[in-house]
Amino acid sequence: MSEHSPEAADVIVVGAGPAGSTTAYYLAQTGLKVLLLEKATFPRDKICGDGLTPRAVRQLIAMGVDINAPGWIRNKGLRIYGGGVKIELPWPELATFPDFGLVRPRMDLDALLAEHAVKAGATLMQGTTVTEPVIDERSDRVIGVRTKDGREYRAPLVVAADGNSARLALALGIRKREDRPMGVAVRRYFETPRHDDDYLESWLELWDGEKLLPGYGWVFGCGNGTSNVGLGLLNTSKSFQNTDYREMLRRWTAGMPKEWQFDEAHATGPVRGAALPMGFNRQPHYSRGLLLVGDAGGMINPFNGEGIDYAMESGHLAADIIVQALARPTAAQRERALYEYPRVLKEEHGGYFTIGRVFVNAIGDPRVMKFATRHGLPHPTLMRFTLKLLANLTDPRGGDAMDRIINAMTRIAPSA
């Protein structure tokens with residue numbers, strides 16, 4: 001990849017995951033000089049379920065990613081197990097979102113999105129670990145970043161897409177909010193005949209002996225001979241701290257039908273885990289020349305642990321606002337434009353994430369979860385509503401009664 005003189009960048013984006021690459025793509029498309037700094041070297045792995053709901057698919061389509069190319073596997077909806085019931089829920093038919101999801105391992109997806117940003121004109125620098133922001137002493141603003149090898153890169157605006165580590169945000173004193181839920185995801189790939197399932201599969205009851213844990217299991221077929229099998233757990237349960245998640249995944253997969261091959265002999269690698277920062281757990285999303293996108297700003301949906309769609313949406317929004325801000329003639333006008341970013345984010349997702357927070361606190365009580373799975377799952381209409389709510393899939397205008405109820409709930413809920 002080409003060298004870039006530090007002064008030459010209009011915007012520096014730190015981290016080339018879905019949030020960073022989407023931001024860089026939209027910025028580069030307008031002709032801005034964009035530097036995309038990634039600590040790893042592609043292809044590289046990320047802990048994730050690899051499942052993309054229609055909300056994420058919409059973002060891929062908007063970026064012009066060829067989702068008909070080999071390597072993408074489509075799914076029709078969600079298959080849910082719980083309370084002794086199995087139910088298949090197709091993705092809703094909406095004007096705003098496609099009616100299909102996708103699965104693509106992050107090993108491929110992230111490299112593909114980074115390449116997409118490069119094609120749009122961004123400069124990608126791999127193996128470049130950013131250690132801290134460069135702060136101008138006079139203005140107290142971020143004016144660039146420093147890397148592990150002691151180099152400096154300068155730009156009037158920096159986008160932190162550095163994930164849960166949030167090194168740049170922390171350097172500016174943007175701390176994690178303890179009143180926000182955290183999740184943990186653990187997953188493993190297995191060679192299995194179930195690899196080309198056309199439904200995403202979700203298991204709503206996770207038993208640890210006699211205890212019901214707040215979280216869910218998943219089986220997502222990758223279409224390449226393997227399935228991504230994992231667990232997502234929430235810190236709203238008393239047992240959160242004392243659980244060995246890797247061991248729990250091993251016990252859970254051991255109870256699966258033998259022919260699915262979720263066993264040691266068919267595992268293609270180790271069990272790996274990661275933290276899930278949820279519900280805007282790091283704020284403000286803009287401060288002193290630094291914008292937070294994706295996991296760095298805690299943009300994971302508390303309802304279902306999904307982050308790729310919000311990562312890409314926040315990247316798109318951040319890019320649009322940066323483009324407008326950089327075109328303003330004075331510093332004061334630029335700041336006014338940039339402060340729109342956290343405001344629009346909150347307007348868009350704040351109410352929804354607040355309801356999600358209430359939801360995860362409720363299911364932290366195993367009695368609530370038990371009641372919900374026993375009495376909710378047998379009712380298809382209620383479950384269709386639940387799917388729309390959990391995956392945040394509604395038409396904002398002119399939708400059906402379910403859409404209108406969910407939209408009204410999110411509007412009146414206090415912003416996250």
Side-chain angles (χ1 to χ4, degrees), residues 1-48 63 106-136 141-172 174 272 274-275 277 282 287-297 299 307-308 311-312 314-315 318-319 322 326:
M1 292 296 166
S2 66
E3 278 277 321
H4 222 291
S5 62
E7 291 74 32
D10 294 313
V11 186
I12 293 169
V13 180
V14 179
S21 291
T22 302
T23 313
Y25 167 80
Y26 282 110
L27 288 169
Q29 272 217 314
T30 68
L32 289 173
K33 285 203 172 76
V34 184
L35 204 48
L36 181 57
L37 307 180
E38 166 59 39
K39 68 179 180 204
T41 305
F42 289 113
R44 58 109 173 93
D45 201 10
K46 281 283 180 205
I47 316 308
C48 184
M63 277 176 74
R106 291 288 298 275
M107 189 72 108
D108 299 341
L109 178 73
D110 290 23
L112 194 142
L113 291 178
E115 192 51 47
H116 211 64
V118 170
K119 279 189 197 137
T123 299
L124 171 66
M125 297 184 68
Q126 304 181 53
T128 305
T129 303
V130 170
T131 51
E132 61 185 345
V134 176
I135 296 172
D136 179 52
R141 285 176 64 81
V142 175
I143 52 164
V145 295
R146 234 171 248 113
T147 57
K148 202 174 186 175
D149 57 7
R151 293 164 75 176
E152 272 189 19
Y153 299 93
R154 296 287 177 101
L157 287 173
V158 174
V159 176
D162 50 354
N164 188 44
S165 68
R167 191 174 278 174
L168 292 172
L170 285 170
L172 260 66
I174 304 173
R272 296 191 63 201
R282 208 178 287 280
S287 177
R288 294 152 54 201
L290 183 76
L291 296 90
L292 312 186
V293 293
D295 285 12
M299 293 178 201
I308 292 174
M312 295 179 78
S314 61
I322 287 169
L326 289 177

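Residue numbers run from 1 in the order of the sequence given. No experiment lies behind these values; they were computed from the predicted model shown.
Between L326 and P156, the closest heavy-atom pair is CD2-CG, 4.4 Å. Nearest heavy-atom pair, S21 versus A16, reported as atom, atom and distance to 0.1 Å: OG-O, 3.3 Å. Across every non-hydrogen atom of L172 and S287, the tightest pair is CD2-O, 3.5 Å. Closest approach of L291 and A318 over heavy atoms only: CD2-CB, 4.2 Å. Residues A117 and A24 approach most closely at CB-CB, 4.0 Å, considering heavy atoms. Contact detail for T147 and T128: the closest heavy-atom pair is CG2-CG2, 3.5 Å.
The CE atom of M312 sits 14.5 Å away from atom CE of M299, with the distance rounded to the nearest 0.5 Å. For the atom pair CZ (F42) and CG (L112), the distance works out to 10.5 Å, reported to the nearest 0.5 Å. Between the CZ atom in R167 and the OG1 atom in T129 there is a gap of 7.5 Å [rounded to 0.5 Å]. Here R154 contributes atom CZ and R146 contributes atom CZ; the two are 7.5 Å apart, rounded to the nearest 0.5 Å. Here the CG atom belonging to L290 is positioned 13.0 Å from the CD1 atom belonging to I143, to the nearest 0.5 angstrom. In this structure, CD on Q29 lies 12.5 Å from NZ on K119, to the nearest 0.5 angstrom.
No donor-acceptor pair under 3.5 Å is formed between the side chain of Y153 and the backbone N or O of L35.
Counting heavy atoms from C-beta outward, Q126 and R44 have side chains that stay 4.5 Å or more apart. Here the side chains of I322 and V159 are in contact, with some heavy-atom distance below 4.5 Å. Looking only at side-chain heavy atoms (C-beta outward), I308 and L109 come within less than 4.5 Å of each other. Between R141 and L157 the shortest side-chain heavy-atom distance falls below 4.5 Å. Taking the side chain as every heavy atom from C-beta outward, V293 and T22 never approach each other to under 4.5 Å. Looking only at side-chain heavy atoms (C-beta outward), P18 and D110 come within less than 4.5 Å of each other. When side chains are defined from C-beta on, D162 does not count as touching K39, because their heavy atoms never get closer than 4.5 Å. Under the 4.5 Å side-chain criterion, counting only non-hydrogen atoms from C-beta, R282 is in contact with L170.
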- Given side chain to side chain contact (heavy atoms under 4.5 Å, CB included), test D45 with R272 step by step and report yes or no. CA-CA 10 Å; D45 201 10; R272 296 191 63 201; 3.4 Å; yes
